[in-house]
Amino acid sequence: MKSYFAPASTGNFSVGFDLLGAAFAPKNGELLGDELVIEGEAAELSLRLSGRYVHQLPGDVTDNLVIKCFYAFEQKVGKTLPRLKLHLKKHLPVGSGLGSSACSIVVACYAFNDYFGKPLSDFELLQLTAVCEGGVSGAVHYDNVAPSLYGGLLLMLPESPLLCRPLPWFPHWQVVLCYPGTVLSTKAAREVMPKELSLKHSIRFANMLSRFVSALYCQDETEAFAALQDLVAEPARLPLIPELTAIRAALTAEGIGHVGISGAGPTLFAVCQNDQQAEFAAAYFRQHYEKNQDAMTHICTLATVGARVLLE
Ligand SMILES: Nc1ncnc2c1ncn2[C@@H]1O[C@H](COP(=O)(O)OP(=O)(O)O)[C@@H](O)[C@H]1O
Ligand SMILES: N[C@@H](CCOP(=O)(O)O)C(=O)O
């Protein structure tokens with residue numbers, strides 16, 4: 001029996017639609033991500049499901065991304081593989097903006113590659129996870145699969161053979177993630193996006209992203225916060241998450257530098273510079289944004305390690 005884990009991720013990080021993504025881990029040491037156990041080999045491929053968010057998964061196990069990944073992995077490797085007895089522990093809510101589908105895809109593809117003796121290179125593995133994720137959201141985007149696979153804050157380079165590169169981070173930053181407990185499908189949240197951007201808007205978008213990246217390299221925190229503006233997805237998605245305006249006003253009034261949409265939402269994230277801000281943001285989110293028993297709020301730091309073996 002071998003157990004694998006992949007962390008939650010925040011796509012876009014506000015300023016880099018489809019181009020920036022970060023993996024996060026709760027400060028208190030809890031595991032925020034999906035776990036896949038390979039229990040052994042069997043005549044038939046099987047998948048057992050458990051975990052806090054198992055009720056949000058498709059009823060038919062053959063529709064589960066883990067099963068789809070097995071066949072996609074087998075096709076990519078190009079030979080028939082032994083069937084496995086699998087157990088997915090679904091700890092991330094589905095349609096949450098925490099890269100839930102990417103997390104299951106990454107943990108599954110990483111686990112199969114490890115179990116079968118690493119027939120795929122890191123590059124091929126990332127490509128495979130992105131294609132599987134594209135099948136869910138309607139478009140190939142790397143900003144959840146790459147951080148979930150590698151950890152860290154990453155800049156996607158989809159037109160370069162590198163595909164992505166790690167970026168510097170502010171080591172004292174804490175990110176508070178709040179999932180309200182409601183579901184928003186990524187596909188639906190992509191359908192509201194503008195089909196085209198004007199030249200003026202494209203230049204402003206490129207400017208904010210390059211300003212943020214340059215601020216990270218210079219470790220200029222004032223510039224980084226000034227550049228953390230979502231000029232592309234937020235205007236289109238705000239009607240789906242109208243609470244953002246009031247929450248942002250309340251948290252920024254307390255000196256918190258940024259509040260944005262995690263991935264396609266409805267999870268919101270607040271970037272905090274110290275424990276006091278992080279605790280304030282978490283308490284505020286719990287009181288004003290959590291909507292039901294599925295909701296959760298975590299104070300996180302950057303997860304510097306991505307997919308990994310949990311138990312040999
Ligand atoms: N293991 C899985 N984890 C997450 N979603 C899954 C899984 N298996 C199948 N799905 C389906 O994939 C879709 C994921 O939706 P999506 O909005 O992309 O989620 P997220 O934004 O959280 O990644 C849903 O229709 C869900 O039922
Ligand atoms: N760049 C994507 C990110 C989607 O993240 P998810 O966690 O909501 O799947 C987008 O904004 O559509």
Side-chain angles (χ1 to χ4, degrees), residues 6-24 32-36 47-72 86-109 111 129-130 132-148 154-156 158 164 177 179-194 209 230-238 240-241 260-269 294 296:
S9 60
T10 287
N12 306 332
F13 209 69
S14 291
V15 68
F17 181 74
D18 277 1
L19 295 175
L20 271 186
F24 290 110
L32 182 63
D34 290 349
E35 199 183 327
L36 186 73
L47 177 64
R48 180 157 72 91
L49 300 171
S50 67
R52 180 172 175 191
Y53 294 101
V54 68
H55 61 286
Q56 295 182 345
L57 289 172
D60 184 349
V61 100
T62 58
D63 289 334
N64 199 289
L65 290 167
V66 168
I67 296 291
K68 291 185 181 174
C69 286
F70 181 87
Y71 294 118
L86 302 167
H87 177 188
L88 174 68
K89 300 184 186 175
K90 188 68 198 169
H91 300 309
L92 280 190
V94 176
S96 57
L98 290 167
S100 172
S101 49
C103 193
S104 279
I105 288 167
V106 166
V107 78
C109 293
T129 59
C132 294
E133 171 77 333
V136 184
S137 67
V140 172
H141 58 96
Y142 291 85
D143 55 328
N144 290 115
V145 286
S148 201
L154 300 179
L155 180 66
M156 308 311 136
C164 65
L177 294 167
Y179 166 62
T182 52
V183 172
L184 175 54
S185 107
T186 306
K187 202 168 178 188
R190 288 183 83 84
E191 275 160 14
V192 303
M193 293 292 297
L209 180 54
D230 181 348
L231 303 175
V232 176
E234 190 183 304
R237 290 173 174 170
L238 194 57
L240 304 173
I241 312 168
I261 303 171
S262 176
T267 293
L268 297 180
F269 72 103
D294 278 341
M296 61 174 175

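First listed ligand is number 1; within each ligand, the first listed atom is number 1. Quick note: residue numbers are just sequence positions, from 1. Quantities reported herein were computed from a predicted structural model and do not represent experimental measurements.
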Distance dump, ligand 1 polar atoms to protein, N/O, under 3.5 Å:
from     : atom 1 : to   : atom 2 : distance (Å)
ligand 1 : 1 (N)  : N64  : OD1    : 3.0
ligand 1 : 1 (N)  : S104 : OG     : 3.0
ligand 1 : 3 (N)  : K90  : NZ     : 3.0
ligand 1 : 3 (N)  : S104 : OG     : 3.3
ligand 1 : 8 (N)  : L65  : N      : 3.0
ligand 1 : 17 (O) : T186 : N      : 2.8
ligand 1 : 17 (O) : T186 : OG1    : 3.1
ligand 1 : 18 (O) : S101 : OG     : 3.4
ligand 1 : 18 (O) : T186 : OG1    : 3.2
ligand 1 : 19 (O) : G95  : N      : 3.1
ligand 1 : 21 (O) : T186 : OG1    : 2.6
ligand 1 : 22 (O) : G95  : N      : 2.8
ligand 1 : 22 (O) : S96  : N      : 3.3
ligand 1 : 22 (O) : S100 : N      : 3.4
ligand 1 : 23 (O) : S100 : N      : 3.3
ligand 1 : 23 (O) : S101 : N      : 2.9
ligand 1 : 23 (O) : S101 : OG     : 2.6

Self-check item: Polar side-chain atom of Y53 near backbone of D294 as donor-acceptor pair, under 3.5 Å
Solution: yes
Quiz item: Backbone N or O of I67 within a donor-acceptor pair of the N64 side chain at under 3.5 Å?
Solution: no
Quiz item: Do S104 and L88 come close enough that some side-chain heavy atom pair is under 4.5 Å?
Solution: yes
Quiz prompt | Under 3.5 Å: donor-acceptor pair, side chain of S262, backbone of G97 | solution = yes
Self-check item: Closest non-hydrogen atom pair, M156 against G21
Solution: CE-N, 3.7 Å
Quiz item: Under a 4.5 Å cut-off applied to non-hydrogen side-chain atoms, are T186 and N144 in contact?
Solution: no
Quiz item: Between S14 and E234, is any side-chain donor less than 3.5 angstrom from a side-chain acceptor?
Solution: no
Practice problem: Rounded to the nearest 0.5 Å, what's the gap from CG on L65 to OG on S100? Could you check? | Solution: 8.5 Å
Quiz item: Heavy-atom distance under 4.5 Å between the side chains of V94 and V183, does that happen here?
Solution: no
Practice problem: Anything with a heavy atom under 4.0 Å from ligand 2 counts, so go ahead and list those protein residues by chain and number. | Solution: N12, F17, D18, G97, L98, G99, H141, D143, N144, T186, R190, R237, G263, A264
